[in-house]
Amino acid sequence: MAASGSNAEQPAKRRKKQQPANAITIGGRTISLEAYLNPTPKPAKTITTPAQPTAATEKPEDPTPTERGKKTTTTSRPENHGRRGGPAPARNTEDAGLLKTRKALPIWQHRSEIQAALRKPGSNVVVLVGETGSGKSTQVPQFLYREPWCRRQTVKLTGSQDEVAVGGTIAITQPRRVAATTLAHRVSREAGTPLGKGQADGLVGYSVRFDHQVPRGTKIKFLTEGTLLQELLRDPCLRQYSAIIVDEIHERSLDVDLLVGFLKQILTGDLSGRGGVPLKVIVMSATADVDIIRGFFKDLSADDNEHKDTDHVQVLRIKCRQYPVEVVHEPRPVPDIQDALLKRIFKIHLEEPLPGDILAFLTGQEEIESAQKLIEEYATTTASNVPKIKVCPLYGQLSMEGQREAFLPVKTAFTRKIVLATNIAETSVTVPGVRYVVDCGKAKVKKYRPRLGMESLLASVISKSSALQRAGRAGREGAGKCFRLYTESTFETFQDSDLPEILRNDVLGAVLTMKARGIQDVLAFPLMDTPGTESIEKALLHLHYLGALTDDGAITPAGEKMARFPIPAPLGAVILAAARPEFDCVMEAIDIISCITSGDDVFLQLQSEEAQEEVGALRKEIQRREGDIMTYLTTIQRYTAENADRIGWCKQRRINMRNMRQALNIRRQLRAMSLKEKLISEAPPQDPQRFTPVDPERADVILKCFMRGFAMKTAMLAPDGNYVTIQGKHVVAIHPASVLHGQKKEAIMFLEHVFTNKNYAKKVSAIRANWIVEAMESRY
DNA sequence: CAAAAAGTC
């Protein structure tokens, strides 16, 4: 196996045999476990105001959780890696029209250049820079799959007589599911083997969660970054692939950062796991600054001192014909951002010709809703010779129907569409018809604070790269204009690019991912940006507490199981605890976890007071006094017991149907895995099951079981009526969406802890104070 | 009294 852990330049550190019982040694460092073993659950008498994690730069927003606006297809087909001599895929069947369109793409000129770059012996990494619209995602895999190095080979592995197949397929990763599936459909048509029902053979396939279409003979496979990371768990050498194309690396998702780390390990390894067959890596970015990427892959041939100083990473830049976008800044800083936004929109509307829709970037739902109201009010006052206005909000939590409006051309004549969007419109979706962009210069960003074990979600200044991306949205269909609600000198103060996710997120999952894939020294794992030592140590400690790591920092069998479960590690720990005889509640734990990991909250927000009254009584029936965890359990159990009309059942209670369906998918998956891991002894009975409420004693057992994953996310009621967290001793409020909102309990456990305009505990359950000590001291 | 948007055999 190539991915054998520590880097060549950093020899594995010797771990001390002897160490204090209350400490673990990880990466050569001894870390005290004092904080975990000696909890002080007694809150201080005087409650100090919690320190603000960051200065809020803007007013907090008001979210409305509603249905997700995306469709899912759940067609599954078992993967077939194709045998040698299988049915030959159709060739040269490209439709003449499609080929003509392909040849018109800017990247077509670079076809042989790209092929040549990868043919050079020893040249295994190529960086490709091309803006949106260059056609790189659809064309590059098609340029490469017939190359000689891309042929499937049968090789003998060292020390084994068995012959294995290596290579033959090109993987291309995407940060989003929709991108992976739509690109696959598109490329499959271009290649002459369209994906669809009854197509057993084909050149192109895709693989995203709960949706795999990989025909026999697949040479080009689109996947999400997360899916490839899962494949890496089973096949550390990525044996089925000749090349990995990493698309949209500039977005710097946590998964892509991990992925290139593993790719670098394969490239620097001895290739024995691949029978000596090299792996080619093509990294594609839409932004020009690729120094970090180039630097990251530069020191590849460490064993080859002769070439050590030469640059092995080729960078190819694809020119892209873009429509010009005129950027207009404010002459001086604006005192009121909403006021400036409205004035700018009205000015565009009055002065700029039709057709040409407006796309405005705002920070959140509350801001969008209030702006919508004011624009609609204004629209009633305009003269009859001024075009009419149609305002479309666009944010992730908006229902499918609500989102659709923003993508459709306006039906009424002489009307301008004004789309008010969050940064969902920056990368995830494209709004057609836009000629004018208004950019407020801010976006909400999630940040993790390791010391407090909590996150914050606050509006903050965007980066130059983000501002450029927003401006570019005006030039998709013709020359456009971008109006920035800030000065040019303010723009100059922006950072070049956004902080990569790995530096803003809890790295618990990332560290477990590394450990499960054989990385002993996570501090030495190659990363483009390394999180602070404090974050990594915190994650190691947390994993140790969860039972995923030994005192030496090595992964335990429990940790390996947690890594295989497609859920966050603390929830994996809950399932493992549930399998213990004293808890014995795996089925209930899976039901709850399926519900909470199916997407945003399954309970839609009740907007109006009428809705609250209408739905209130029906929702009360499924609510439990123990809190949100038990309420989720009742919800999914009632849902599955409902046999006649699940859609109606959800509608009546304002429950997100799409997430409930996803929850059942996850439930099926987790049940199958638990059976395989022998956490349950037999397959559970088929749905529908009659609903029987869980009695309070059983509820206690289930909650105690969740404490094994969330003992640190607890708070005690102080004499003054505030809840004070165990970790950090901060005042925390129960979020209004919780069934326990406004209630006083002895102690609470929460699955999420987020600072917005206040310290909020979400997904809250009532617990007993002595459970906290009990859970903290328990070690498996 | 309320949340950005992505993602996992």
Side-chain angles (χ1 to χ4, degrees), chain A residues 60-66 68-70 76 78-79 173-180 207-212 214 223-235 248 251-256 258-259 361-369 394-398 421-429 442-447 455-460 462 498 501 504-505 509 512-513 516 562-569 571-572 597-601 603-607 612 662 665-666 668-670 672-673 676 733-738 741-742 752 754-758 760 762:
Chain A
E61 309 307 333
D62 172 18
T64 314
T66 44
R68 289 311 243 146
K70 272 133 225 160
S76 283
E79 229 172 270
T173 68
Q174 293 295 324
R176 281 166 292 280
R177 287 192 275 232
V178 267
S207 190
V208 303
R209 193 179 196 185
F210 298 128
D211 188 5
H212 306 272
V214 185
L223 352 70
T224 48
E225 294 154 357
T227 306
L228 191 60
L229 277 176
Q230 283 303 132
E231 286 192 1
L232 210 45
L233 196 57
R234 298 190 317 280
D235 178 12
E248 314 277 14
E251 290 191 27
R252 295 299 303 276
S253 69
L254 207 158
D255 282 350
V256 93
L258 285 179
L259 193 59
F361 285 99
L362 287 76
T363 57
Q365 189 186 339
E366 190 186 80
E367 210 187 346
I368 287 170
E369 279 170 355
L394 182 61
Y395 48 87
Q397 307 257 56
L398 201 64
T422 59
N423 45 3
I424 191 174
E426 203 179 296
T427 48
S428 307
V429 296
K442 294 202 165 144
K444 278 193 185 168
V445 179
K446 198 177 83 178
K447 271 201 182 117
E455 3 184 70
S456 65
L457 185 65
L458 300 165
S460 58
I462 61 170
D498 295 297
E501 208 184 356
R504 303 187 339 246
N505 226 290
L512 181 62
T513 299
M562 285 179 214
R564 276 196 293 270
F565 278 116
I567 51 175
L571 292 174
T597 59
S598 66
D600 290 296
D601 206 339
F603 294 105
L604 299 169
Q605 201 212 354
L606 305 175
Q607 268 111 340
Q612 216 130 12
Q662 177 79 347
N665 273 331
I666 298 169
R668 198 183 329 113
Q669 188 180 31
L670 292 179
M673 292 183 79
K676 219 170 121 193
I734 296 177
H735 193 273
S738 169
H741 177 65
E752 286 166 45
V754 190
F755 182 92
T756 48
N757 65 327
K758 223 174 158 182
Y760 280 116
K762 302 165 90 172

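To find a chain, count down the sequence lines: A is the first, B the second, and so on, and within it residues start at 1.
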*Would you check, one step at a time, whether the test side chain to side chain donor-acceptor pair (under 3.5 Å) holds for A:Ser253 with A:Glu225?*
CA-CA 9 Å; A:Ser253 69; A:Glu225 294 154 357; 2.6 Å; yes
_Cationic N near anionic O, under 4.0 Å, A:Lys442 to A:Glu367_ = no
*asked:* Tell me the interatomic distance from A:Glu366, atom CD, to B:dC1, atom P, rounded to whole angstroms.
replied: 14 Å
*asked:* Please classify the nucleic acid contact of A:Leu233 as base, sugar-phosphate, or nothing, using heavy-atom distances under 4.0 Å.
replied: nothing
*Which of the following nucleotides, B:dA5, B:dA2, B:dC1, is nearest to the side chain of A:Gln605?*
B:dA2
_Nearest to the side chain of A:Ser428, heavy atoms from C-beta on, is which of B:dT8, B:dA6, B:dA2?_
B:dA6
*Separation of atom CG in A:Asp255 from atom C1' in B:dT8, rounded to whole Å*: 8 Å
*Out of B:dA5, B:dG7, B:dA2, which nucleotide sits closest to the side chain of A:Glu501?*
B:dA5
*So how far is it from A:Asp255 CG to A:Leu228 CG, rounded to the nearest 0.5 Å?*
10.0 Å
_Strictly below 4.0 Å: does A:Tyr395 bring a side-chain N or O up to OP1 or OP2 of B:dA3?_
no
*Toward the 5' end of DNA chain B, by each residue's nearest nucleotide, A:Val445 or A:Met673*: A:Val445
*d(CG, A:Leu457; P, B:dA5) in whole Å*: 9 Å
_Value in whole Å for how far the P atom of B:dT8 lies from CD1 of A:Ile666_ = 10 Å
*Indicate whether OP1 or OP2 belonging to B:dT8 is found under 4.0 Å from a side-chain N or O atom of A:Thr227.*
yes
*Take atom NE2 of A:His735 and atom C1' of B:dA3, then tell me their distance rounded to the nearest Å.*
6 Å
*Is the phosphate of B:dA5, meaning OP1 or OP2, less than 4.0 Å from a side-chain N or O of A:Thr422?*
yes
*Would you confirm whether A:His741, through its side chain, and A:Ile734, through its main-chain N or O, come within 3.5 Å as a donor-acceptor pair?*
yes
*Quick one: on DNA chain B, does A:Arg564 or A:Tyr760 contact a more 5' nucleotide (nearest heavy atom)?*
A:Tyr760
*Ignoring hydrogens and geometry, is there a side-chain-to-backbone donor-acceptor pair from A:Arg504 to A:Lys446 under 3.5 Å?*
yes
*Nearest of B:dA5, B:dT8, B:dC1 to any side-chain atom of A:His741?*
B:dC1
*Starting at CG of A:Asp600 and ending at C1' of B:dA5, how long is that distance when rounded to a whole Å?*
9 Å
*To the nearest Å, how far apart are A:Ile424 CD1 and B:dA3 P?*
18 Å
*Pick base, sugar-phosphate or nothing for A:Ser253, based on heavy-atom distances below 4.0 Å to the nucleic acid.*
nothing
_Test of understanding: with salt bridge (Lys or Arg N to Asp or Glu O under 4.0 Å), list the residues that count as partners of A:Glu501, not counting sequence neighbours._
none
*With heavy atoms under 4.0 Å as the rule, sort A:Arg504 into base, sugar-phosphate or nothing.*
base
*Report yes if at least one side-chain N or O of A:Thr427 is closer than 4.0 Å to OP1 or OP2 of B:dA6; otherwise report no.*
no
*asked:* Using whole Å, what does the distance between atom C1' of nucleotide B:dT8 and atom CG of A:Leu571 come to?
replied: 13 Å
